[in-house]
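Atoms within each ligand, like the ligands themselves, are counted from 1 in listed order.
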Amino acid sequence: QAKSLGRSRSVVFELAMAADQRDYYLLERDLDEAIERDQLSLVFQPKVDLISRKAVGLEALVRWNHPTRGQNSPSAFIPIAEHSDQIIRIDRWVMRNAVAKQAERHSEGLPSLPIAVNLSIADILSPNLVPYLTGLLAEYGVPPQALEIEVTESCFMRQLAETRNVLRALNDSGISTSLDDFGTGFSSLSYLRQLPLQCLKIDQSFTHSMLQDHNAEKLTQAIVAMGNALKMKIVAEGVETREQMNWLLAHGCHIGQGYYFSPPVPPEDLQQVIERLEVRLSA
Ligand code: C2E
Ligand code: MG
Ligand code: MG
Ligand code: MG
């Protein structure tokens with residue numbers, strides 16, 4: 001009986017795998033046309049100074065509006081895109097649209113807030129990333145300080161020297177760099193020493209557990225202390241409650257990002273969200 005149960009389980013498992021595989025290829029195929037068919041868009045989430053309660057930056061996050069599946073989460077399609085050079089086409093679209101957004105904000109006389117874009121390892125290693133970016137900035141007349149790059153530790157595991165060179169070249173052209181999802185990867189400390197990074201983004205798993213879990217709290221405290229000692233900007237990701245915000249303020253982390261302030265919003269809602277932050281957070 002145990003045997004037949006085992007067998008039927010493995011059949012179920014294989015069917016699930018097959019469905020996943022099919023799904024994977026379907027998504028990959030559709031993703032090829034997403035840009036041409038105008039199915040990608042950007043949403044923006046503010047990074048908030050916890051003391052002044054003002055937005056100090058924005059993060060651009062990609063969305064894929066699939067014709068039949070509706071809105072696909074980037075955690076579902078970015079990993080697929082990362083298996084081929086699709087990711088490079090997608091992220092170049094993201095960079096162009098983020099820079100275009102800056103040019104638009106500037107022409108509307110809106111206060112300048114740097115926009116961060118997320119890059120994958122393939123983008124970092126693609127041969128002409130830096131000229132592409134400086135070209136874009138020149139084309140739209142946007143200063144390099146208006147753009148930031150977020151990378152994760154997974155970028156460095158394989159290509160540390162190459163990544164360091166690219167981050168340096170970005171810094172040299174005036175674009176600052178952030179380490180995203182800090183604390184979830186491996187051997188973070190040696191990367192921090194070796195890489196030219198201006199900002200540390202504490203992964204949301206810390207923010208979510210630090211008030212419940214003593215070890216998480218101590219680790220978060222240590223990360224903040226370390227970032228401050230290295231004179232890096234520190235951003236806590238995934239801030240959802242007033243208690244989390246107060247903890248961060250009390251422990252020396254002064255920038256937060258998360259649903260407590262605002263979820264990522266489409267461009268048409270962005271300025272209103274920015275303007276209402278201060279009012280809402282003071283109430
Ligand atoms: P990330 O860069 O760490 O972005 C933060 C993610 O957390 C976003 O998910 C955001 O919507 C979500 N988030 C923000 N505040 C909260 C909160 O208070 N609570 C919770 N539970 N979640 C919050 P999203 O937009 O689904 O993006 C997921 C990941 O996909 C990003 O993580 C990033 O690694 C990747 N990604 C997004 N856009 C791009 C892109 O244009 N290019 C590349 N290469 N990757 C991207
Ligand atoms: Mg990010
Ligand atoms: Mg993150
Ligand atoms: Mg992430």
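- At a heavy-atom cutoff of 4.0 Å, ligand 1 is contacted by both the backbone and the side chain of N118.
- Using a 4.0 Å cut-off between heavy atoms, V62 contacts ligand 1 through both its backbone and its side chain.
- The heavy atom nearest to atom 20 (C) of ligand 1, out of those in Q244, Q204, E150, is found in Q204.
- In this structure, the salt bridge (charged side-chain N to carboxylate O under 4.0 Å, His left out) partners of E104, at least two apart in sequence or on a different chain, are K101.
- Counting heavy atoms closer than 4.0 Å to ligand 1, residue K201 contributes nothing at all.
- Checked by atom type, the side-chain pair E275/Q271 shows a donor-acceptor distance below 3.5 Å.
- The stretch residues 165-174 participates, sequence neighbours left out, in these side-chain hydrogen bond (donor to acceptor under 3.5 Å, both in side chains) pairs: N171-Q198.
- The cationic group of R92 lies under 6.0 Å from the six-membered ring centre of Y132 and within 45° of the ring axis, placing it in a cation-pi geometry.
- Within ligand 1, the atoms closer than 4.0 Å to a non-hydrogen atom of D181 are 3 (O), numbered from 1 in the order shown.
- In terms of distance to the Mg ion (ligand 2), the nearest N, O or S atom of E59 is named OE2.
- Close contacts of ligand 1 with S120, meaning ligand atoms under 4.0 Å from a residue heavy atom, involve 44 (N).
- Summary: OE1 is the N/O/S atom of E150 found nearest to the Mg ion (ligand 2).
- The E59 neighbourhood of ligand 1 comprises atoms 2 (O), 4 (O), with distances under 4.0 Å to a heavy atom of that residue.
- Close approach of ligand 1 to P264 is summarised as follows: ligand atoms under 4.0 Å from at least one heavy atom of the residue are 11 (O).
- Within the 2.8 Å limit, D180 places at least one N, O or S atom next to the Mg ion (ligand 3).
- Residue Y259 has at least one N or O atom closer than 3.5 Å to an N or O atom of ligand 1.
- Ring-plane geometry between H66 and W64 is classed as perpendicular, the angle between the planes exceeding 60 degrees on a 0 to 90 degree scale with a lower cut at 30.
- Taking the charged nitrogens against the carboxylate oxygens, D23 and R69 do have a contact shorter than 4.0 Å, which makes a salt bridge.
- Note that CD1 of I274 is 14.5 Å distant from CZ of F261, once rounded to the nearest 0.5 Å.
- Defined by atom type and a distance below 3.5 Å, a donor-acceptor pair is missing between the side-chain atoms of E28 and Q86.
- Atoms of ligand 1 lying under 4.0 Å from any heavy atom of D180, numbered from 1 in the order shown and given with element: 1 (P), 2 (O), 3 (O).
- With 2.8 Å as the limit, N118 counts as an N, O or S neighbour of the Mg ion (ligand 2).
- Neither the backbone nor the side chain of E82 has any atom closer than 4.0 Å to an atom of ligand 1 (non-hydrogen atoms only).
- Residue Q45 approaches ligand 1 through these ligand atoms, each under 4.0 Å from one of its heavy atoms: 14 (C), 15 (N).
- Among heteroatoms of the N, O or S kind in D181, OD1 lies nearest the Mg ion (ligand 3).
- When only interatomic distances are considered, the shortest N/O to N/O separation between Q257 and ligand 1 does not fall below 3.5 Å.
- S120 and E82 are linked by a side-chain donor-acceptor pair at a separation below 3.5 angstrom, with hydrogens and angles left out of the test.
- When distances from the Mg ion (ligand 3) to the N, O or S atoms of E237 are compared, OE1 comes out shortest.
- Considering only heavy atoms from C-beta on, V235 stays 4.5 Å or farther from I202 through its side chain.
- K201 and E59 are joined by a salt bridge, as a carboxylate oxygen and a charged side-chain nitrogen come within less than 4.0 angstrom of each other.
- Of all atoms in ligand 1, listed by their number and element, those nearer than 4.0 Å to a heavy atom of E240 are 17 (C), 18 (O), 19 (N), 20 (C), 21 (N).
- Between the CG atom in L129 and the CD1 atom in I88 there is a gap of 9.0 Å [rounded to 0.5 Å].
- Under the 3.5 Å distance criterion, the side-chain polar atoms of D123 are left unmatched by any main-chain donor or acceptor of L119.
- Residue contact annotation: D203 places no N/O/S atom under 2.8 Å from the Mg ion (ligand 3).
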